[in-house]
Amino acid sequence: MKSTLTQLTAQFDQAIVAAFGPELTGTDPMLEPTTNPKFGDYQANLAMSLAKPLKNNPRAIASQIVEHLDVSALCEPPEIAGPGFINLRLRTDYLEQQLQQMQADPRLGIPPVAQPQRVIVDFSSPNIAKEMHVGHLRSTIIGDSIARVQEFMGHDVLRLNHVGDWGTQFGMLITHLQEACPDALEADSSVDIGDLVAFYKQAKQRFDTDDDFKTRSREAVVALQAGDDTATKAWKVLCTQSRQEFQKIYDRLGITIQERGESFYNPLLADVVKDLDTQGLLVEDQGAKVVFVDGFTNKAGDPLPLIIQKSDGGYNYATTDLAAIRYRTQQDGAQRVLYVVDAGQSNHFALVFQVAAKAGWIPDGVELTHVPFGVVQGEDGKKFKTRSGETVRLKDLLDEAVSRARADLERRIEAEGRQESESFIQTVAETVGIDAVKYADLSQNRTSNYIFSFDKMLALQGNTAPYMLYAYVRVQGISRKGNIDFDHLPDEARIHLEEASEFALARHLLQLDEVLDEVAQDLYPNRLCQYLFELSQKFNQFYDRCSVLQAPEPQRTSRLLLCDLTAQTLKLGLSLLGISVLERM
RNA sequence: GGGCCAUUAGCUCAGUGGAUAGAGCAACCGCCUUCUAAGCGGUCGGUCGCUGGUUCGAGUCCAGCAUGGCCCGCCA
């Protein structure tokens with residue numbers, strides 16, 4: 001299915017050339033959805049911008065364009081309005097025919113991209129031996145959604161979990177494990193070392209208070225880096241246990257991701273340093289090997305370096321990130337690498353990308369993008385914490401969302417005098433709770449800080465997951481009541497638009513392709529949320545004004561098609577946000 | 001001291017250089033013999049932080065200022 005915007009753009013290009021000559025080939029017609037439905041469906045704003053170069057008034061330019069513009073297959077005759085807007089209204093038969101094509105297509109009329117790219121989405125990235133907490137929420141949810149959109153567009157997506165599985169903190173963890181839990185290191189042991197957070201805290205406390213322990217920990221780091229068997233075994237035990245805990249969260253959130261932690265790049269780090277050195281970029285500064293980059297200064301106003309190798313010879317995360325860039329572009333063949341990491345690391349990525357560019361490690365056409373997001377804050381506007389001031393564990397956060405969703409559901413079941421099974425309540429509460437957490441996060445512009453509120457995300461009204469799930473459930477209610485099988489509607493079924501609310505719904509449905517293009521390019525899932533919320537609103541208005549099952553034929557079938565297309569669009573759109581729907585709630 | 005981000009209705013937030021700046025929540029008023037009212041309609045609510053500039057046109061771009069958040073050498 002050819003998108004409406006593509007077709008219109010092509011027609012405008014021809015008209016512009018016909019009116020003003022071939023030197024204007026490829027001029028952007030500045031087509032966009034109208035700001036107000038009374039202006040039609042699309043407006044072209046280019047006449048105003050051509051006024052100066054063409055030395056003519058915008059309305060005259062607009063009328064010259066319109067004279068040469070042939071959009072009669074799609075639109076009513078164009079109208080010129082205001083200072084020189086060209087307003088286009090799609091023809092009813094065109095709308096109907098487009099909707100029909102969408103409804104019959106599992107991809108809803110959106111073809112995969114012609115040239116798929118290898119896209120890496122780097123997201124989530126918790127630390128081994130620490131539990132996933134609220135700080136991992138946004139990267140995990142936003143990253144998953146971005147990956148889903150790229151996948152749907154037809155790109156070849158590699159989802160990478162750059163877990164923190166290396167570094168100096170492993171010294172104390174290994175030492176503590178060896179001493180507190182030696183059984184775990186037996187040959188085929190699968191001893192559960194219990195609460196990893198408590199374990200981490202114990203190790204940290206000993207490290208801070210016991211000098212002998214500190215010394216043994218430093219030795220353990222050296223042993224681990226040297227590939228010592230015992231240290232390696234201990235490290236693996238810690239990684240395995242953490243991985244199992246992470247997986248529980250990912251399973252619950254419906255997220256797939258491939259682990260490729262920092263340790264993966266260890267063998268490649270020396271080469272990074274060597275290459276930078278060979279190229280003359282490496283400078284020794286206060287005992288460390290660093291690269292100075294342009295445009296960054298520290299507190300004292302001195303040039304800010306990127307530390308590649310510490311004075312003790314160890315590597316740090318900048319080195320790992322550089323090695324990852326090389327591996328991802330060379331071995332993985334990535335053309336686009338998206339780092340879904342909090343905005344606090346903007347500086348770091350700017351430095352790393354600049355060094356990679358200087359070193360010639362970013363091939364032509366390869367795009368490295370930091371996709372930043374703001375911090376999660378409590379309703380007081382401060383950093384989101386528990387009442388006792390602890391970091392909120394992701395598991396607890398999800399549990400609370402689900403239990404609140406369950407309480408709401410039980411209240412309503414009681415109030416409505418319904419009888420529902422425990423398994424129904426369980427499933428609905430889990431889905432609504434998880435969906436609400438995801439949607440609340442995704443529906444906001446990711447770059448701003450995010451004020452976390454259970455009450456708001458679980459609200460039954462407004463721009464929330466429950467509101468949208470309910471719109472979907474309403475369609476399913478129609479099919480249940482009317483015994484409708486949406487997969488087997490008669491071939492001769494046709495969409496005929498009559499009521500204003502049908503037109504509004506129809507026009508909105510046809511904008512799906514434009515929204516997805518935009519989200520795939522600009523990586524703002526909140527635009528998709530906005531689209532789906534508006535779709536739900538328009539569906540509810542239609543539902544309110546137009547009866548479906550009681551309508552006479554052929555109106556009844558036409559409306560059934562509209563309902564089905566709405567449900568399919570909601571389901572697809574929500575799935576690209578990582579949100580699952582319910583048949584009943 | 002420097003850098004990045006933010007500042008839009010009482011609150012939480014959308015807003016792609018275009019026409020009269022929008023939602024949701026809260027408040028108030030209506031609508032269930034009809035496909036789930038978890039819905040729909042309506043009312044109220046604005047110096048788009050401030051001052052300049054660019055532009056035919058600025059919430060949007062630029063500069064300065066104010067306020068807030070985050071970051072700034074060997075943690076990641």
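First the proteins, then the strands, lettered A, B, ... as listed; each starts at 1. None of these values were measured; they are calculated from a predicted model.
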* Which residues pass the side chain to side chain contact (heavy atoms under 4.5 Å, CB included) test with A/Ser139, sequence neighbours left out? -> A/Phe123, A/Val340, A/Phe373

* To do: For the residue pair A/Thr369 and A/Val337, establish whether any side-chain heavy-atom pair is separated by less than 4.5 Å.
  => no

* Checking side-chain hydrogen bond (donor to acceptor under 3.5 Å, both in side chains) against A/Asp41, which of A/Arg89, A/Arg507, A/Gln511 comes through? -> A/Arg507

* A/Tyr339 ring center near A/Phe353 ring center (under 6.0 Å) -> yes

Pairs under 3.5 angstrom, nitrogen or oxygen only, protein versus nucleotides 2-6 of chain B, please.
residue	atom	partner	partner atom	Å
B/G2	O2'	A/Thr297	OG1	3.1

* Structure fact -> Result for 5'-nearest mapping on RNA chain B, choosing between A/Val290 and A/Arg584, is A/Arg584

Between the protein and nucleotides 62-64 of chain B, which nitrogen or oxygen pairs come in under 3.5 angstrom?
none

* Asked: Think A/Arg474 has a side-chain N or O under 4.0 angstrom from the OP1 or OP2 of B/G39?
  -> no

* To do: Within residues 404-415 of chain A, find the residues that approach RNA chain B with a heavy atom at under 4.0 Å, and present them sorted by residue number.
  => A/Leu409, A/Arg412

* Asked: Is any N or O donor-acceptor pair between the side chain of A/Gln43 and the base of B/A19 shorter than 3.5 Å?
  -> yes

Every protein N/O within reach of nucleotides 25-31 of chain B N/O, cut-off under 3.5 Å:
none

* Determine: side-chain N/O of A/Gln345 to OP1/OP2 of B/C71, distance under 4.0 Å, yes or no. => no

* To do: Look at all strands and tell whether A/Asp455 reaches a base, only sugar-phosphate, or nothing, counting heavy atoms closer than 4.0 Å.
  => nothing

* Structure fact -> Regarding the side chain of A/Phe533, the nearest nucleotide among B/C56, B/A23, B/G18 is B/A23

* Asked: Taking only N and O in the side chain of A/Tyr439, is any of them less than 4.0 Å away from OP1 or OP2 of B/C13?
  -> no

* To do: Hunt down the Watson-Crick or G-U wobble partner of B/A9, both distances under 3.5 Å, from any strand shown, or write none.
  => none

* Asked: What nucleotide, of B/C74, B/G41, B/A19, holds the atom closest to the side chain of A/Ser311?
  -> B/C74

* Ignoring backbone atoms, test whether A/Asn316 places a side-chain nitrogen or oxygen under 4.0 Å from the OP1 or OP2 oxygen of B/C75. => no

* Taking side chain to side chain contact (heavy atoms under 4.5 Å, CB included) as the test, write out the residues that go with A/Lys481, two or more places apart. => A/Leu549

* **Is_stacked (A/Tyr467, B/A38) at 5.5 Å, 30 deg** => no

* Look at all strands and tell whether A/Asn445 reaches a base, only sugar-phosphate, or nothing, counting heavy atoms closer than 4.0 Å. => sugar-phosphate

* Asked: Between B/A19, B/C56, B/G73, which one does the side chain of A/Met48 approach most closely?
  -> B/C56

* Which residue lies more 5' along RNA chain B, comparing A/Lys310 with A/Pro466 via nearest heavy atoms -> A/Pro466

* Asked: Between B/A19, B/G69, B/C35, which nucleotide gets closest to the side-chain atoms of A/Thr35?
  -> B/A19

* Asked: Say you draw a straight line from CD1 of A/Ile61 to NZ of A/Lys52; how long is it, rounded to the nearest 0.5 Å?
  -> 12.5 Å

* Asked: Any chance the rings of A/His348 and A/Tyr317 have centres within less than 6.0 Å?
  -> yes

* Ring centre gap for A/Phe454 and A/Phe452 strictly below 6.0 Å -> yes

* **Rounded interatomic separation in angstrom, taking CD from A/Gln444 and P from B/C11** => 15 Å

* Hey, does the side-chain of A/Asn540 have a donor or acceptor N/O within less than 3.5 Å of a partner on the base of B/A38? -> no

